[in-house]
Structures are given as C-alpha cells and as structure tokens.
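Source: prediction; values computed, not measured.
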Amino acid sequence: MKILRILMVSISLAFIFNGCEKDDPNVNPTTSITVISPIDGNPQIAHTNINLAFNVTSDNGLKRVVVKFKSATSAEIVKFDTLLASQPTSFSFSRNYTLGDVGSETYTISVTDKKDNIETKSINVKSISGFDVELFGKFYHILGTKSGAYDLIKNEEKLVTDSDNDKDIVNNDAVGVFTGGWVSNNNTMFVKAIGFDFNNGTINDAKSFYTSGTPKSNVSAPSNNDVYIAKLRGSETYVVIKILTNDILNDECGCLNKGKLTFNFKKSL
C-alpha cells in the first residue's frame, strides 16, 4: 500500500508539473513572425511603394502563409496566399505594395504550421500626403514700406535690401500698381496647377502637376484660390501654394504703393 501511495503521488505531481509547464507564459512559441519592413506605425507617403518583408520560423514546420490588407475605407482583402507543400521550418517573404490614399492601412500576416496552429501579426502603416504642416505667408508692394518678398524655406518675409538668394517670391509690380505678381530671384520655379486639390492632394500629385506643366520663374496677376506648385532653388523640395487674397488696395503701409497678397503653403517632407 505504501508503494501504491508513493506511485499515485508521483503521477499526481507529474500531471501538476506538466500542467504548469503548458501554461507557463515564458515558454517560447513554436512559430515566430519577424517583420523586416515597414516598421509598425511609421508614416509612408501615399501612392508610393512599400516593401513588405518578413521572416517566419516554426518548430513544427510551415503549412500556409497568408497576407491580408485593409484600409480605413475598404474591406479586408487577401494580398498573398500560399500553401507550402514541403512544410519547411522557415519562410521569407518580400513584395512591393502601393499605398492608397491618405489614412490608416493594416497588413495582417497569418501563418499556419503543419499541426494547424495559427500565428498572426499585424503591421499598421500611416499613409500621409508627404507634406509638412500648412503655413501662412504674405508680401506687400515691392516699392512700399513693408516686406515685398518671401522666403519659402525659412518661412519669413523679406525686404528689398535682403539677399536675393533667400527670395523665392519677389513682387515685381511698378510704382502705384499692384497686381500681386511675383518673380523668383534664386532659381525657384512655378507651375500653375489648375484642378489640384490643395487640401487632399499628395506630393506625388504635386510632382505630376509640375512635370506636366511649364515651369516659369514668374507668376502674373494671381487670383484668389489659384494654386501653384513650386520647386525650390533647383532642389527636390516642392511647395504647394494657394492664393488667399490679392488685395490691390491694402493700405497697411500708409504709403502710395498699396497692395498685399496672402497665401497658404505646404512643403514636401
């Protein structure tokens, strides 16, 4: 009887030990998904390619790999689905996908091992326009007493005595006449973008408008709500400018050469 009791206690302890081992949160999972790119939560410019890349390993062997995609405005769809007939213990994936409109997008990776266990991992991508924050700018008649030029890099007004290198926009009106027109003194070029959506257009949209237009160093008589795409000083920095007001009678200067133009603008990141 004593031997029987010892045997029963041993069996009970074995069950307890195995149960604890199974529920131990520190036990490593048999399947692991390691995403290489993109980094979860990182912003990406809308309508550009991202490379979704990940590695999968499984102690049990791999049976199936599925990639699903969902945006804020669409139902979830399957982007990739493959059965692995040889059931290897590792799998690598790399494929380019094009991001959609501005908003949040999610890629969900599902891996099934040969014992039909499923492991999942989701990657969130913030699809952005590619522009920095919206800013406000203004300039006055070049022959008045206030600033007649503007620096689109430093986001500040410039006087006639300031260096031409810093003047992306310089009013070029004659004495007593204000049309709001301007010229660049530093190789910044402009294209009028009829139909460009200032609020929602992306940097890729802006580049497309600029490329399809005829860049000029000057702008004549801009009107309210006109939109211009600027390419700054021969660089790859693009600026979208929306005219707010062209006030030919503005007299803030208290001088003979009246006039003021205001605009909002956004620069590429």
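Residues Lys260 and Lys146 have side chains not in contact (no heavy-atom distance under 4.5 Å, counting atoms from C-beta outward). With a 4.5 Å cut-off on side-chain heavy atoms, Val160 and Asp162 do not count as touching. Ser104 has its side chain out of reach of Lys126: every pair of non-hydrogen atoms, C-beta onward, lies at least 4.5 Å apart. For the pair Val66 and Phe80, the minimum side-chain heavy-atom distance is 4.5 Å or more. Side chains of Val125 and Thr106 form no contact here, defined as non-hydrogen atoms less than 4.5 Å apart. The shortest distance between side-chain heavy atoms of Leu269 and Ile128 falls below 4.5 Å. The shortest side-chain heavy-atom distance between Arg64 and Asp81 falls under the 4.5 Å cut-off. Side-chain contact check for Val240 versus Val227: some heavy-atom pair is nearer than 4.5 Å.
If you chain together hydrophobic residues whose side chains sit under 4.5 Å apart, Val67 and Val35 fall into the same group. Using a 4.5 Å cut-off between side-chain heavy atoms of Ile, Leu, Val, Met, Phe, Trp and Tyr, with links allowed through other members, Ile33 and Leu84 fall into the same hydrophobic cluster. Linking Ile, Leu, Val, Met, Phe, Trp and Tyr whenever their side-chain heavy atoms come within less than 4.5 Å puts Met189 and Phe196 in one cluster. Hydrophobic clustering (ILVMFWY, side-chain heavy atoms < 4.5 Å, transitive): Leu99 and Ile77 are in one cluster. Hydrophobic cluster membership differs between Leu83 and Val56, with clusters built from Ile, Leu, Val, Met, Phe, Trp and Tyr side chains linked at under 4.5 angstrom.
Separating the NZ atom in Lys158 from the NZ atom in Lys167 is a distance of 9.0 Å, to the nearest 0.5 Å. Atom CD1 of Ile241 is separated from atom CG of Asp226 by 11.5 Å, given to the nearest 0.5 angstrom. Atom CG of residue Leu52 and atom OG of residue Ser37 lie 6.5 Å apart, to the nearest 0.5 angstrom. Note that CG of Asn186 and CD1 of Ile153 are 7.5 Å apart. Values are rounded to the nearest 0.5 Å. Here OG of Ser58 is found 8.0 Å from CG of Asn117. Values are rounded to the nearest 0.5 Å. Between the CG atom of Asp247 and the CD atom of Glu252 there is a distance of 8.0 Å, given to the nearest 0.5 Å.
In this structure, a donor-acceptor pair under 3.5 Å is present between the side chains of Asn171 and Asp173. Residues Glu157 and Ser147 bring a donor and an acceptor atom of their side chains to less than 3.5 Å of each other. For the 3.5 Å distance criterion, the side chains of Asp205 and Thr202 qualify, holding a donor opposite an acceptor. Donor-acceptor pairing under 3.5 Å is recorded for the side chains of Thr262 and Thr245. A donor and an acceptor atom, one from each side chain of Ser94 and Asn51, are located under 3.5 Å apart. No side-chain donor from either of His141 and Asn250 sits under 3.5 Å from a side-chain acceptor of the other. Looking at Ser208 and Thr211, their side chains never bring a donor and an acceptor atom within 3.5 Å of each other. With hydrogens and angles left out, the side-chain atoms of Thr34 and Asn55 include no donor and acceptor closer than 3.5 Å.
Without hydrogens or angle criteria, Asn246 side chain to Asn224 main chain gives no donor-acceptor distance under 3.5 Å. Counting only distance, with no hydrogens or angles, the side chain of Ser217 and the backbone of Ser184 share no donor-acceptor pair below 3.5 Å. Side chain of Lys70 to backbone of Thr108: no donor-acceptor contact under 3.5 angstrom is found. With hydrogens and angles disregarded, no donor-acceptor distance shorter than 3.5 Å links the side chain of Thr89 to the backbone of Thr57.
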Yes or no on side chain to side chain contact (heavy atoms under 4.5 Å, CB included) for Phe136 and Asn155, after CA distance, side-chain angles and deciding distance? CA-CA 8 Å; Phe136 173 80; Asn155 315 326; over 6 Å; no

Would Gln87 and Leu62 satisfy side chain to side chain contact (heavy atoms under 4.5 Å, CB included), going step by step from the backbone distance to the final call? CA-CA 5 Å; Gln87 298 185 352; Leu62 297 166; 5.9 Å; no

Could you give me the CA-CA distance, side-chain angles and deciding distance for Arg233 and Asp164, then say whether salt bridge (Lys or Arg N to Asp or Glu O under 4.0 Å) is met? CA-CA 12 Å; Arg233 309 179 191 183; Asp164 281 348; over 6 Å; no

Go through the steps for Asp101 and Thr73 under the test side chain to side chain contact (heavy atoms under 4.5 Å, CB included), then give the verdict. CA-CA 9 Å; Asp101 294 330; Thr73 58; over 6 Å; no

Set out, in order, the CA-CA distance, both residues' side-chain angles and the distance that settles side chain to side chain contact (heavy atoms under 4.5 Å, CB included) for Lys258 and Tyr140, then state yes or no. CA-CA 8 Å; Lys258 301 178 176 63; Tyr140 298 83; over 6 Å; no

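Nearest heavy-atom pair across Gly181 and Pro222 is N-CD, 3.7 Å. Of all non-hydrogen atoms in Ala46 and Gly100, the two that sit nearest each other are CB-O, 3.2 Å. Smallest separation of non-hydrogen atoms from Asn199 and Lys266: O-NZ, 3.8 Å. Among all heavy-atom pairs drawn from Thr188 and Ala230, the shortest one is CG2-CB, 4.2 Å. Annotation for Ala193 and Ile229: closest pair CB-CG1, 3.7 Å, computed over non-hydrogen atoms. Taking both residues in full, the closest heavy atoms of Phe131 and Ala206 are given as CZ-CB, 3.9 Å, listed atom of the first, atom of the second, then distance.
Under the rule for a side chain to side chain donor-acceptor pair (under 3.5 Å), Asn187 has no partner lying at least two apart in sequence or in another chain.
Of the charged side-chain nitrogens involved, none lies within less than 4.0 Å of a carboxylate oxygen, so that Asp168 and Lys267 do not count as a salt-bridged pair. A salt bridge links Lys63 with Asp116: the closest approach of a Lys/Arg side-chain nitrogen to an acidic carboxylate oxygen falls below 4.0 angstrom.
Between Trp182 and the options Phe263, Tyr150, Phe190, a ring-ring contact (aromatic ring centres under 6.0 Å, His included) holds for only Phe190. A ring-ring contact (aromatic ring centres under 6.0 Å, His included) with Tyr238 holds for exactly one of Phe265, Phe209, Tyr210; it is Tyr210.
Aromatic pair Tyr97/Tyr107: centroids less than 6.0 angstrom apart.
The neighbour count for Ile243 CD1, taken as heavy atoms of other residues, nucleotides or ligands under 6.0 Å away, is above 12. For Lys79, the NZ atom is densely surrounded, since the number of other residues' heavy atoms within 6.0 Å is greater than 12.
Between Phe93 and Phe54, the angle of the ring planes stays under 30°, which puts this pair in the parallel group of the 30/60° scheme.
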